[in-house]
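To start, the structure under review is shown below, and the notes come after it.
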Amino acid sequence: MNDNSLPSETAGHAPAGSTPTGSNAGATRRTVLAGAGAFGGAALFGSTLSACASGATRDDDAEPKRMLVLGGTVFLGPAIVDAARAAGWEVTLFNRGKSAPGRFPDLELRTGDRNTGDYASLAEGRWDLVVDTSGYIPGHVSAAIEALGGAEGGRIGHYVFVSTISVYTGPTEEERAAANGDPVVTEDSPVGQLDEETLANYKVIPDVDNSGYGPLKAHCEQAAREALPGMVTVVRPGLIVGPEDRTDRFTYWPVRMAEGGDVLAPGDPDAVAQYVDVRDVGLFCFDRGVARDTGTYNSVGYEPPVTMREMLESCRVEGTEAHLVWADDAFLLEQEVQPWMGLPLWIPAGGRNLYSCERALEAGHTFRPIDETARDTLAWATENRGPDHRWRAGISREKEAEVLAALKQR
């Protein structure tokens, strides 16, 4: 992203122009590439959502469970909605009615605005699960919970707050010392905090900037737990990718590989690429909410880890010749290629962290094959990204050609 806007429901994505830390653990080639490269004619959302192991399904004679999503119509929100509906739940949305207003015409919509404190439409109703995909300012989180009656109101069964790995301040010296390679950040690692004066400066979502995004999310987590003791799950996604990702991060790669020819590949081929399909995040958020789990989880992929080479290979299209041309970190920086946003998922050595997904895996987080994510992302992009599309991530073909030419002359 490069427009300095903060779209709602892009939880797990840092705000525009930011450069979140990535990962590298020197992993070898993994068997997670099941069937990579064969793009076939699968439907856009190839995998059918299955019932959650936590008990999300219900008997036909039982009263339907009810979920309220704060947000719900953009990217992650629909993935959560789809997971709930596949399990037979009734879903209500709360939002301004401005982002993709026709997305779920058959669902109940409670209209309101978090920036103005308009929660009047939530004065009535009870929900077994509330999922907050659009909380960026702690006061907004507290206000929404208060409007729903709080912990004593009996109108909230459980609350899932979608946060981000951007809450972390970075690995501690102890974590760096213990790491064999790049440090591992766990859910117990320190998170950012803002002083009261700085915190007070953030009143509406457009105020949220790169420096405040992560700490504000950490304060939002705290606000939710204080308002609903013992009733909150926190999910901290990393880079969320897949169909409908408006940021173009990751999407650049399936599209570029489909074009074929010499493809500029960044950095260490064995560096770990951590990203997660939006549909897998959505199912995990719903699943943990159904279980009334009070844990905090990083939602990052994969196990076993996926390398940059494997990620790029998963984007190959059958019948298209794409030749990966690897350039080292120093050369790319010398050529003024921007990490992360210039060549997505690339972060030079020394700036990478590996985020632990062990806790989420133990709680049942699953990841679809990476070739499925690449295939579905390409199908969506092909339908929605025309020749005049202004890409928010990735380098131009002209810049890529210049760098490739310079690489050949070394």
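Side-chain atoms are counted along with the backbone in the values below, which use heavy atoms only and exclude waters and symmetry mates.
- Scanning both residues, Asp277 and Tyr302, for their nearest heavy atoms gives N-OH, 4.1 Å.
- Ion pairing between a basic and an acidic side chain is recognised when a charged N comes within 4.0 Å of a carboxylate O; Lys399 and Glu336 show no such pairing.
- Phe161 and Cys220 get closest at one heavy-atom pair: CZ-CB, 3.3 Å.
- Pairing each heavy atom of Ser134 with each of Leu70, the nearest pair is OG-O, 3.0 Å.
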Practice item. Start with the C-alpha gap between Val81 and Phe286, add the side-chain angles, then the distance that decides, and say whether side chain to side chain contact (heavy atoms under 4.5 Å, CB included) holds. Key: CA-CA 8 Å; Val81 171; Phe286 174 66; over 6 Å; no
Point to revise | Working for salt bridge (Lys or Arg N to Asp or Glu O under 4.0 Å), residues Arg246 and Glu244 | key: CA-CA 6 Å; Arg246 299 184 298 178; Glu244 302 189 33; over 6 Å; no
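- Between the His140 side chain and the Lys203 main chain, a donor and an acceptor come within less than 3.5 Å of each other.
- Between Val185 and Ile165 there is no side-chain heavy-atom pair separated by less than 4.5 Å.
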Review point. Salt bridge (Lys or Arg N to Asp or Glu O under 4.0 Å) between Arg66 and Glu108: does it pass, once the steps are laid out?
Key: CA-CA 11 Å; Arg66 305 187 67 223; Glu108 179 187 14; 3.6 Å; yes
Exercise for review: Could you go through the side chain to side chain contact (heavy atoms under 4.5 Å, CB included) check for Val141 and Tyr159 one step at a time?
Suggested key: CA-CA 11 Å; Val141 175; Tyr159 192 93; 3.8 Å; yes
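- Between the side chain of Asn384 and the main chain of Ala381, no donor-acceptor pair closer than 3.5 Å is present.
- Proximity of a side-chain donor or acceptor of Trp253 to a complementary backbone N or O of Met311 within less than 3.5 Å is not detected.
- Between Val162 and Cys285 the shortest heavy-atom distance is CG2-SG, 4.1 Å.
- Summarising the geometry, atom CG belonging to Leu345 is positioned 7.5 Å from atom OH belonging to Tyr275; distances are rounded to the nearest 0.5 Å.
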**Study point:** Verdict with reasoning, Tyr355 to Gln274, per side chain to side chain contact (heavy atoms under 4.5 Å, CB included)
**Key:** CA-CA 8 Å; Tyr355 294 88; Gln274 283 193 300; 3.7 Å; yes
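- Contact check on Glu321 versus Arg316 returns no salt bridge, with no Lys/Arg side-chain nitrogen under 4.0 Å from an Asp/Glu carboxylate oxygen.
- Val130 is not listed as a side-chain neighbour of Met67, based on a closest heavy-atom distance of 4.5 Å or more.
- Enclosure of atom CD in Gln193 by more than 12 non-hydrogen atoms of other residues, nucleotides or ligands within 6.0 angstrom is indicated.
- The aromatic rings of Phe284 and His365 sit parallel, their planes meeting at an angle under 30°, below the 60° perpendicular limit.
- Ion pairing of Arg256 with Glu400 is present here, as a side-chain N (NZ or NE/NH1/NH2) and a carboxylate O approach within less than 4.0 Å.
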Practice item. Applying side chain to side chain contact (heavy atoms under 4.5 Å, CB included), run through Leu129 and Trp89 and close with a yes or a no. Key: CA-CA 10 Å; Leu129 175 61; Trp89 282 47; 3.7 Å; yes
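- A side chain to side chain donor-acceptor pair (under 3.5 Å) with Arg279 holds for exactly one of Asp376, Thr373, Asp82; it is Asp376.
- Formation of a donor-acceptor pair under 3.5 Å by the Lys217 side chain with backbone atoms of Gly135 is found in this model.
- Side-chain atoms of His323 never come within 3.5 Å of backbone atoms of Val263 as a donor-acceptor pair (strictly under, hydrogens ignored).
- Side-chain contact, Thr296 with Arg225: a donor N or O sits under 3.5 Å from an acceptor N or O.
- Side-chain contact between Tyr297 and Leu361: absent, with no pair of heavy atoms (C-beta onward) separated by less than 4.5 Å.
- Between Val300 and Pro237 there is no side-chain heavy-atom pair separated by less than 4.5 Å.
- Closest heavy-atom contact between Thr133 and Gly71: OG1-CA, 3.8 Å.
- In this structure, the side chains of Thr247 and Phe75 stay at 4.5 Å or more apart for every pair of heavy atoms.
- With hydrogens and angles left out, the side-chain atoms of Asp329 and Trp346 include a donor and acceptor closer than 3.5 Å.
- Between Arg114 and Asp132 there is a salt bridge, since a side-chain N of the basic residue sits under 4.0 Å from a carboxylate O of the acidic one.
- Between Tyr202 and Tyr136, the gap from one ring centroid to the other reaches at least 6.0 Å.
- Judged purely by distance below 3.5 Å, without hydrogens or angles, the side chains of His389 and Asp248 pair a donor atom with an acceptor atom.
- Remark: side-chain polar atoms of Asn95 are not paired, donor with acceptor, to backbone N or O of Thr73 under 3.5 angstrom.
- A side-chain N or O of Thr198 and one of Asp195 form a donor-acceptor pair less than 3.5 Å apart.
- Taking 4.0 Å as the cut-off between side-chain N and carboxylate O, Glu402 and Arg397 do not count as a salt-bridged pair.
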Review point. Are Asp328 and Arg410 close enough, and set up right, to give a salt bridge (Lys or Arg N to Asp or Glu O under 4.0 Å), and what steps lead you there?
Key: CA-CA 12 Å; Asp328 60 75; Arg410 290 179 76 182; 3.0 Å; yes
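- Proximity of Leu93 to Arg110: side-chain heavy atoms (C-beta onward) are nowhere separated by under 4.5 Å.
- Rounding to the nearest 0.5 Å places CG of Leu343 at 14.5 Å from CZ of Arg249.
- Annotation: side chain of Ile156 is not in contact with side chain of Trp127 (no heavy-atom distance under 4.5 Å).
- With hydrogens and angles left out, the side-chain atoms of Arg309 and Thr307 include no donor and acceptor closer than 3.5 Å.
- Taking 4.0 Å as the cut-off between side-chain N and carboxylate O, Asp245 and Arg392 do not count as a salt-bridged pair.
- Side-chain contact, Arg236 with Tyr168: a donor N or O sits under 3.5 Å from an acceptor N or O.
- Thr382 places a side-chain N or O within donor-acceptor distance of the main-chain N or O of Leu378, the cut-off being under 3.5 Å.
- Listed for the Asn298 side chain is no donor-acceptor partner under 3.5 Å among the backbone atoms of Thr186.
- Salt bridge annotation for Arg390-Asp388: absent, with no cationic side-chain nitrogen under 4.0 angstrom from a carboxylate oxygen.
- Using a 4.5 Å cut-off on side-chain heavy atoms (C-beta onward), Thr294 and Met231 make no contact.
- Between Gln409 atom CD and Leu407 atom CG the span is 10.0 Å, to the nearest 0.5 Å.
- Aromatic ring pairs are classed by plane angle as parallel below 30°, tilted from 30° to 60° and perpendicular above 60°; the pair Tyr252 and Trp391 is perpendicular.
- Gly150 and Leu228 make their closest contact through C-CD2, 3.7 Å (heavy atoms, listed as atom of the first residue, atom of the second, distance).
- Within a 6.0 Å sphere centred on CD of Glu259, other residues, nucleotides and ligands contribute more than 12 heavy atoms.
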